[in-house]
Amino acid sequence: MLLPQEIIARKRDKAALAPEEIEAFVQGIVDGSFQDYQASALLMAIFLNGMSVEETACLTEAMMRSGRIIDLPEINRPKVDKHSTGGVGDKVSLILAPLASACGLCVPMMSGRGLGHTGGTLDKLESIPGFRIELGDAEYRSQLSSIHQAIIGQSPNIVPADRILYALRDVTGTVESIPLICASILSKKMAEGIDALVLDVKCGSGAFMKTKAEAYDLATNLVRISQAMGKPTSALITRMEEPLGHAVGNSLEVTESIACLQGNGPEDLMEVTRLLCAEMMRLGGLVPSRDDAFPLIENAITSGAAFAAFRQLVVAQGGDVSTVDQPDQLPQADICHPFHYEGKEPAYIGSINALSVGQLVSLIGAGRARADALIDPSVGLYFHKKVGDPVAPGELVCELHINERSLLETALTRLRAALSFSPAKPDKHDIVIDMLPGN
């Protein structure tokens, strides 16, 4: 029998943990034989001394096997998912799942809720009246067999070790550990029964990873660990300095996602979505290269197949599809307050700070400070201008959708602080920084 203190001491002393030690640790936190203070001590030792790729792969697998693992042998399509590290205005999953299914993949997507300044895919979908993010096992399998896509929340018996460890990491200052982040992300993805995985690691003010070096470190480790577990994986590194697309806020982002699926999406959002979809198709074996995928992706959008697939998803998960056909029937805020450029001379949008925007929309009710807090699906921001766009005095820059009039002036003050204007057109950086192609 392995004693908790022996495992803790080995990692404290910078030794590599053996597979049986890692498995004993994970089993111990699930069955309660490891006390919280012992688990916290080991988490801090991992935070300070790190883990090798082999150790992290073993931790990921042990966490994955701490609960039910979904196996989908009846699905005859390649099963490929995508994970984003989160950002502001990131509604890619809403577009990508139906688009990828329309292109021939099966997308079993387990998503999360928003916390802090970043939005959550589940919250956005739940702004569609009636949409259910919890499906029983038989219903989930049937839906994947029939329409080849599902977007659901994590059920209690999937990777229970992750919920316990994440709660401890949150209160012990160990959230930022790369091995622990990788194990948390990948254990849930591997439990879905996927064949391959594509990652979107965001970098910048509105992202969890603020610098390129941090983003590369996380992306490289995620790809290596996933591949060590036998899953073809690649990663995009994308910018999150300004919000992705024009809309920030749950129902506003659903409306923008619908426009994207109908061929009317903003270019930065669609560039990321197309590239992720093309890489999913390549890893799934549908095409030999990303370039071969792009014409198929465009055809899925222009033919209406991608939007039809989104309607199928909404119907299958209980949503009111009439609000998809008429997005003005989605939740609407009581107040839509225009924000105009207040300068006296023509200028350009110099920057839109994604972190500040995310914090603003969270303040007015679109986000949550605690995991159990309620959100307002109708509030948010819609930017009519992006970084580098010209603006004239008095021209509309943004619309603030808000329900609490008492918060209006505070929100406008924060919005002013989040924007900067420049007399010269700023350099426009590519949204995609790099691609780690994997295998």
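Residue numbers start at 1 and run along the sequence shown.
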Test item: [X] and [Y] side chains (from C-beta on) under 4.5 Å apart, heavy atoms:
X    : Y    : result
C203 : I433 : yes
D200 : V272 : yes
I349 : I352 : yes
K231 : L197 : no
M281 : L105 : yes
L43  : L165 : yes
L59  : M63  : yes
I133 : I152 : no

Roughly how far apart are [X] [atom1] and [Y] [atom2], rounded to 0.5 Å?
X    : Y    : atom1 : atom2 : result
H384 : L396 : NE2   : CG    : 4.5 Å
K212 : M209 : NZ    : CE    : 15.0 Å
L269 : L244 : CG    : CG    : 4.5 Å
I431 : E271 : CD1   : CD    : 7.0 Å

Is [X] atom [atom1] crowded by more than 12 heavy atoms from other residues, nucleotides or ligands, each under 6.0 Å away?
X    : atom1 : value
R224 : CZ    : no
D427 : CG    : no
E404 : CD    : no

Got a salt bridge between [X] and [Y], using NZ or NE/NH1/NH2 to carboxylate O under 4.0 Å?
X    : Y    : result
K428 : E242 : yes
E298 : R274 : yes
R414 : E409 : no
E176 : R169 : no
R311 : D325 : yes
D430 : R239 : no
E342 : R416 : yes

| request: Test side chain to side chain donor-acceptor pair (under 3.5 Å) on S234 and E279 and set out the steps. | output: CA-CA 8 Å; S234 58; E279 188 65 6; 2.8 Å; yes
| task | In sequence, state the C-alpha distance, the side-chain angles, and the governing distance for F294 and L275, and then conclude on side-chain contact (heavy atoms from CB on, under 4.5 Å). | result | CA-CA 8 Å; F294 291 127; L275 190 50; 4.0 Å; yes
Distance-only polar pair, side chains of [X] and [Y], donor-acceptor under 3.5 Å:
X    : Y    : result
T238 : K202 : yes
Q317 : Q143 : yes
S251 : S378 : no

Ring centers of [X], [Y] separated by less than 6.0 Å:
X    : Y    : result
H337 : F339 : no
F383 : H246 : no
F421 : Y348 : no

| task | Could you pull out all residues at least two apart from S146 that satisfy side-chain hydrogen bond (donor to acceptor under 3.5 Å, both in side chains)? | result |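 With neighbours one apart ignored, the set is empty.
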Least distance between heavy atoms, [X] atom then [Y] atom:
X    : Y    : result
F47  : S177 : CD1-CB, 3.8 Å
A219 : L436 : CB-CD1, 3.6 Å
I46  : P179 : CG2-CB, 4.4 Å
Y140 : M109 : OH-N, 4.5 Å
T60  : I225 : OG1-CG2, 3.9 Å
L286 : C103 : CD1-O, 3.5 Å

| query | Taking it one step at a time, do M280 and V107 satisfy side-chain contact (heavy atoms from CB on, under 4.5 Å)? | reply | CA-CA 10 Å; M280 289 171 71; V107 187; 4.2 Å; yes
| message | Applying side-chain contact (heavy atoms from CB on, under 4.5 Å) to I147 and Q312, what does each step give before you reach the verdict? | response | CA-CA 7 Å; I147 67 168; Q312 287 182 317; 4.1 Å; yes
For the pair [X] (side chain) and [Y] (backbone), establish whether a donor and an acceptor sit closer than 3.5 Å, ignoring hydrogens and angles.
X    : Y    : value
D320 : P129 : no
D123 : L125 : no
K188 : L186 : no
D217 : A213 : no
E256 : E253 : no
D268 : G245 : yes
K79  : G193 : no
S142 : E139 : no
K91  : T121 : no
S187 : S184 : yes

| said: Between V357 and L381, is the side-chain contact (heavy atoms from CB on, under 4.5 Å) condition met? List the steps. | reply: CA-CA 8 Å; V357 169; L381 292 167; 3.7 Å; yes
| Matching residue for S93 among K82, H83, K124 - test: side chain to side chain donor-acceptor pair (under 3.5 Å) |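 Going through K82, H83, K124 one by one, the side chain to side chain donor-acceptor pair (under 3.5 Å) with S93 is satisfied by K82 alone.
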| field | Candidate pair E241 and K210, rule salt bridge (Lys or Arg N to Asp or Glu O under 4.0 Å), full reasoning | value | CA-CA 9 Å; E241 298 291 355; K210 303 300 182 186; over 6 Å; no
| side-chain contact (heavy atoms from CB on, under 4.5 Å), paired with I364, selected from N403, T410, I402 |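 The side-chain contact (heavy atoms from CB on, under 4.5 Å) with I364 is passed solely by I402 among N403, T410, I402.
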| message | Applying salt bridge (Lys or Arg N to Asp or Glu O under 4.0 Å) as the test, list every pair that has at least one member in residues 348-359; sequence neighbours left out. | response |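 Pairs touching residues 348-359 that pass the test: none.
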| message | The test is salt bridge (Lys or Arg N to Asp or Glu O under 4.0 Å); show your working for R132 and E126 and say whether it passes. | response | CA-CA 7 Å; R132 296 182 297 120; E126 285 186 328; over 6 Å; no
| Hey, mind stepping through S351 and S420 against side chain to side chain donor-acceptor pair (under 3.5 Å) and telling me if it holds? | CA-CA 5 Å; S351 66; S420 74; 2.6 Å; yes
